[in-house]
> 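Structure below; questions to follow.
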Amino acid sequence: MLIVPEHEIADLMTREAAFDAVEAVFAAMAAGQAYNFPVVREALGHEDALYGFKGGFDRSGLTLGLKAGGYWPNNLETKGIINHQSTVFLFDPDTGRPRAMVGGNLLTALRTAAASAVSIRHLARRDARVLGMIGAGHQAKFQLRAALEQRAFEKVIGWNLHPEMLPGLEEVARGAGVPFQAVELDEMHAADVIVSITSSFAAILGADQVAPGTHLACMGTDTKGKQEVDPALLARARVFTDEVAQAVSLGEAQHAVASGLIGEGDIQTLGAVINGDDPGRRSDEEITLFDGTGVGLQDLAVAAAVVDLAVEKGVAIEVEV
Ligand code: NAD
């Protein structure tokens, strides 16, 4: 079995490799070649931790495994390590033997950023020039970096509930040579692409605050009860997702579906667009919205890619099991 420790990931994994891995696995899911197993998530009753497993099998890429991990709220304060902790385990689908154990913390950030980037590549207007960011936490910087590579953006505008966090986004935008401006939510109307990545439990962005032709990647809602946009926006938009079953139960679409504004049948997969089985955006005026809920197969895809890179560079640790 190979081990790729967390501290090796930053030097090995690129945004490009994460993008390719996530795009390929979304395509495989839509083609019925890959499926996610039911998610397990448990409150441990120890250290206030939430722990769980997200697994799946991709027959086309022959990737089998799971991500085990969760959230330990006291880690940073008491132990000086980050609160989100995860590890990916890959297995040989021919034998069931363990193939690799891979640090999953940075990979989670990269695969989540890749998902919204894939949606922008396939659904945003080609002439998109203004990128709007809602959210400025840990994950927002990764989303911004990956999004900026998808179109010739000339400006980033950002809003966050806690405005003191916005300089973190500004630094990323300026690092990519793009000016940044903090705005009010009404000014999101100027954005051609909007990425939302917050831990909000109530709608932030109203349906009227979005201009025709905008592409939105709603990435923060990954749990029942979380919400980032007015459900009326989903009724105005063509809605896409990574996995429909997750979108309607714990993604941004949960609210629009529960209130009857849209039905499950109104949600398409991004994979179908990648495969050419769905037209995606149909006009320059259409609003497209990607509900990125986050699936285990994304984790497995980026972990498999990083194992290949680690073997190539001779840094994978081999152990007998
Ligand atoms: P973080 O704690 O670093 O940042 C949280 C962000 O949400 C900050 O911008 C904060 O100002 C904002 N926020 C907090 N409370 C808010 C509220 N009540 N209303 C509006 N904004 C609020 O977290 P993060 O790591 O950046 O993750 C952000 C979200 O993305 C979380 O909900 C997380 O679960 C989710 N996430 C989703 C995926 C996926 O695959 N879809 C993957 C990773 C994280």
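These figures come from a predicted structure and were not determined experimentally. Read the numbers this way: they start at 1 and go in the same order the structure lists the ligands and their atoms.
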> Which of the numbered atoms in ligand 1 are below 4.0 angstrom from a heavy atom of Met165?
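Near Met165, meaning under 4.0 Å from one of its heavy atoms, ligand 1 has 8 (C), 11 (O).
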> Does Phe153 have Arg151 sitting over its ring (NZ/CZ under 6.0 Å from centre, angle to axis within 45°)?
no
> Just to be sure I'm reading this right: ignoring hydrogens, which of Gln143, Arg111, Lys226, Glu252 gets closest to atom 31 (C) of ligand 1? Compare them by their nearest heavy atoms.
Lys226
> Output the list of atoms in ligand 1 that are nearer than 4.0 Å to some heavy atom of Gly292, sorted by atom number.
41 (N)
> How about Val178 and Leu148: do any of their side-chain heavy atoms sit closer than 4.5 Å?
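In contact.
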> Looking at atom 4 (O) of ligand 1, what's its closest protein heavy atom, distance included?
Gly137 CA, 3.4 Å
> Evaluate His138 for polar contact with ligand 1, using N/O atom pairs at a separation under 3.5 Å.
yes
> Show the atoms of ligand 1 that are less than 4.0 angstrom away from any heavy atom in Asp222.
33 (C), 34 (O), 35 (C), 36 (N), 37 (C), 38 (C)
> Among Arg126, Arg125, Lys155, Arg129, exactly one meets salt bridge (charged side-chain N to carboxylate O under 4.0 Å, His left out) together with Asp192. Which residue is that?
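Between Asp192 and the candidates, salt bridge (charged side-chain N to carboxylate O under 4.0 Å, His left out) is satisfied uniquely by Arg125.
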> Is the shortest side-chain N to carboxylate O distance from Asp278 to Arg238 below 4.0 Å?
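A salt bridge is present here (some side-chain N lies under 4.0 Å from a carboxylate O).
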> So, are Arg99 and Asp308 salt-bridged, with charged N and O less than 4.0 Å apart?
yes
> Within a strict 4.5 Å, meaning less than it, do heavy atoms of the Leu123 and Phe240 side chains meet?
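With C-beta onward as the side chain, the pair touches.
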> Could you tell me the residue and atom name of the protein heavy atom closest to atom 27 (O) of ligand 1, and the distance to it rounded to 0.1 Å?
Gln139 CB, 4.0 Å
> Does some non-hydrogen atom of the protein lie less than 4.0 angstrom from atom 25 (O) of ligand 1?
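Under 4.0 Å from atom 25 (O) of ligand 1, at least one protein heavy atom found.
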> Mind telling me whether Tyr51 and Trp72 have parallel, tilted or perpendicular rings, with 30° and 60° as the class edges?
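Taking Tyr51 first and then Trp72, their aromatic rings stand perpendicular (interplane angle over 60°).
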> For atom 11 (O) of ligand 1, find the nearest protein heavy atom and state the residue, atom name and distance (0.1 Å precision).
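In this structure, atom 11 (O) of ligand 1 has His162 ND1, 2.6 Å as its nearest protein heavy atom.
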> Check whether Phe180 forms a cation-pi arrangement with Arg174 (NZ or CZ under 6.0 Å from the six-membered ring centre, at most 45° off the ring normal).
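Relative to the ring axis of Phe180, which defines the angle, Arg174 lies outside at least one limit.
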> Which atoms of ligand 1 sit under 4.0 Å from any heavy atom of Ala136?
9 (O)
> Is there a path of hydrophobic side-chain contacts, each under 4.5 Å between heavy atoms of I/L/V/M/F/W/Y residues, joining Val172 to Val195?
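As far as the 4.5 Å side-chain criterion goes, Val172 and Val195 are connected within one cluster.
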> If we check side chain to side chain contact (heavy atoms under 4.5 Å, CB included) with Val183, which of these qualifies: Ile157, Val156, Leu166?
Ile157
> Counting both backbone and side chain atoms, is some N or O of Ile197 under 3.5 Å from an N or O of ligand 1?
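In fact, backbone or side chain, Ile197 has no N or O that close.
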> Check each heavy atom of Asn160 against ligand 1 and say whether those closer than 4.0 Å belong to the side chain, the backbone, both or neither.
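Side chain only; the backbone of Asn160 stays clear of ligand 1.
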> Which of the numbered atoms in ligand 1 are below 4.0 angstrom from a heavy atom of Thr112?
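Near Thr112, the atoms of ligand 1 are 38 (C), 39 (C), 40 (O), 42 (C), 43 (C).
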> Select the closest option to atom 15 (N) of ligand 1 among Ala217, Gly294, Ser199, Gly135, judged by heavy-atom distance.
Ser199
> Contact between His84 and ligand 1, counting heavy atoms under 4.0 Å?
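Per 4.0 Å heavy-atom rule, His84 does not contact ligand 1.
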> Quick test: of every protein heavy atom, which one is nearest to atom 29 (C) of ligand 1, and how far off is it to 0.1 Å?
Thr198 O, 3.3 Å
> Is there a salt bridge (Lys or Arg N to Asp or Glu O under 4.0 Å) between Asp299 and Arg111 once you walk through the steps?
CA-CA 7 Å; Asp299 298 299; Arg111 66 79 148 148; 2.9 Å; yes
> Quick one: nearest non-hydrogen protein atom to atom 16 (C) of ligand 1, plus distance?
Leu161 CD2, 3.6 Å
> Would you mind running through ligand 1 and noting each atom that sits below 4.0 Å from a heavy atom of Ile204?
20 (C)
